[in-house]
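Just below is one structure, and these are the notes that go with it.
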Amino acid sequence: MAVLTDRLRRRIQDNLLAYAFMAAGLLCFAFFSWYPLVRGVILSFQQNNFVVPPYWVGLENYRALFDDPLFYTAWKNTLLFTGLALVFGFVLPFFIAVLLNEFRHFSGFFRILVYLPVMLPPIVAVLLWRYFYDPGNGLFNSLLRSVGLPESQWTQSSGTAMISLVLVSTWANLGGATLMYLAALQGIQGELYEAAELDGASVWQRLRHVTLPQMRFIMLVLLLLQIIATMQVFIEPFALTGTSNPDTITVLVLVYRYAFTVNQDFGLAAAMSMLLFVVLGAFSALYLRLTRTAD
């Protein structure tokens, strides 16, 4: 028994530094991740504006959400934005990656060109596009005037507001997905393409029967990650259309509206955040399941 105790003591002493580093990391993770999560859950059952003492309201915040017409509008707009963003931001990077993979000259230049928007801070990219969309002297309306076409309100028109936000988001995030696709494409064995060419396969047939099956897993993972990311859209609608436009108000914009503008009730905002957390948690669980299955 004494030998086992001494051996255990020596093992603890040998790994004490490792335990210290691990404890520091766990404390940081607990303080910046676990505590805000638990605090948000508690806050969702309170009425709290951080001015007067909070009081417990139970499920009243959740009932108030379902009674608010903007709740359904925000979810509808968020799902619409996610769907449109996937049409552009999921399919377009794949085809750009296929084109870049075929380039033999200046491939590095084009990769940098595609990735440049990702290097901009998100708010800078949005402010740049706000100038493009300016209904007075913006770049897009200036181009329309130069060719004799009618001008557009872009972000202020109900017909073009959402697609305008999607274009900003797609342009700003296109490079990251493109490089991921490109890395996966370059990992496909060249013998597969050579065998397909010997069998007389066309470009479309090689894409369909070789590229897509080999890319299936990475495409599914990126699809789930993009759904999770686009459902948290905030900067584009907040900076381009504000918090009161019913055509572009999203879930996170409504959270901001509940907490800082109209309601000034952080409990109501926390309840909305918890509902979004549940939805994103379901997609995250599916993502972890898929990656674990692949491993």
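Atoms considered below: every heavy atom in the structure, side chains included; atoms not considered: hydrogens, waters and symmetry mates. Heads up: numbering here begins at 1 and tracks the sequence.
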Could you tell me whether the side chain of Pro237 reaches within less than 4.5 Å of the side chain of Met162, counting heavy atoms only?
no
When every non-hydrogen atom of Ala177 is compared with those of Gln226, the smallest separation belongs to CB-NE2, 3.9 Å
Indicate whether the side chain of Tyr258 and that of Asp68 have a donor and an acceptor atom separated by less than 3.5 Å.
yes
For atom CZ of Phe90, is the number of surrounding heavy atoms from other residues, nucleotides or ligands below 6.0 Å larger than 12?
yes
Looking at Tyr55, Trp56, Phe266, which hits ring-ring contact (aromatic ring centres under 6.0 Å, His included) with Phe45?
Trp56
Between Phe234 and Val253, is there a side-chain heavy-atom distance shorter than 4.5 Å?
yes
More than 12 heavy atoms of other residues, nucleotides or ligands under 6.0 Å from CE of Met274: is that the case?
yes
More than 12 heavy atoms of other residues, nucleotides or ligands under 6.0 Å from CZ of Phe95: is that the case?
no
Is the shortest heavy-atom distance from the side chain of Asn77 to the side chain of Asp247 under 4.5 Å?
no
Donor-acceptor side-chain pairing of Ser44 and Tyr62 below 3.5 angstrom
yes
Above 12 or not: heavy atoms from other molecules or residues under 6.0 Å from OH of Tyr35?
no
Find out whether Leu165 and Leu240 are in side-chain contact, i.e. whether some heavy atom of one side chain is under 4.5 Å from a heavy atom of the other.
yes
Nearest 0.5 angstrom please: Thr243 OG1 to Leu252 CG, how far?
13.5 Å
Just wondering, do Gln153 and Thr160 contact through their side chains at under 4.5 Å, heavy atoms?
no
Min side-chain heavy-atom separation Val233-Ser169 under 4.5 Å:
no
Is a side-chain N or O of Asp265 found less than 3.5 angstrom from the main chain of Asn49, in a donor-acceptor match?
no
Within the 6.0 Å centroid threshold, strictly below: Phe140 and Trp129
yes
Decide yes or no for Met231 and Phe283: does some side-chain heavy atom of the first lie under 4.5 Å from some side-chain heavy atom of the second?
yes
Does one hydrophobic cluster hold both Phe50 and Tyr256, with members joined at side-chain heavy-atom distances below 4.5 Å?
yes
Any side-chain heavy atom of Trp154 sitting closer than 4.5 Å to one from Phe132?
no
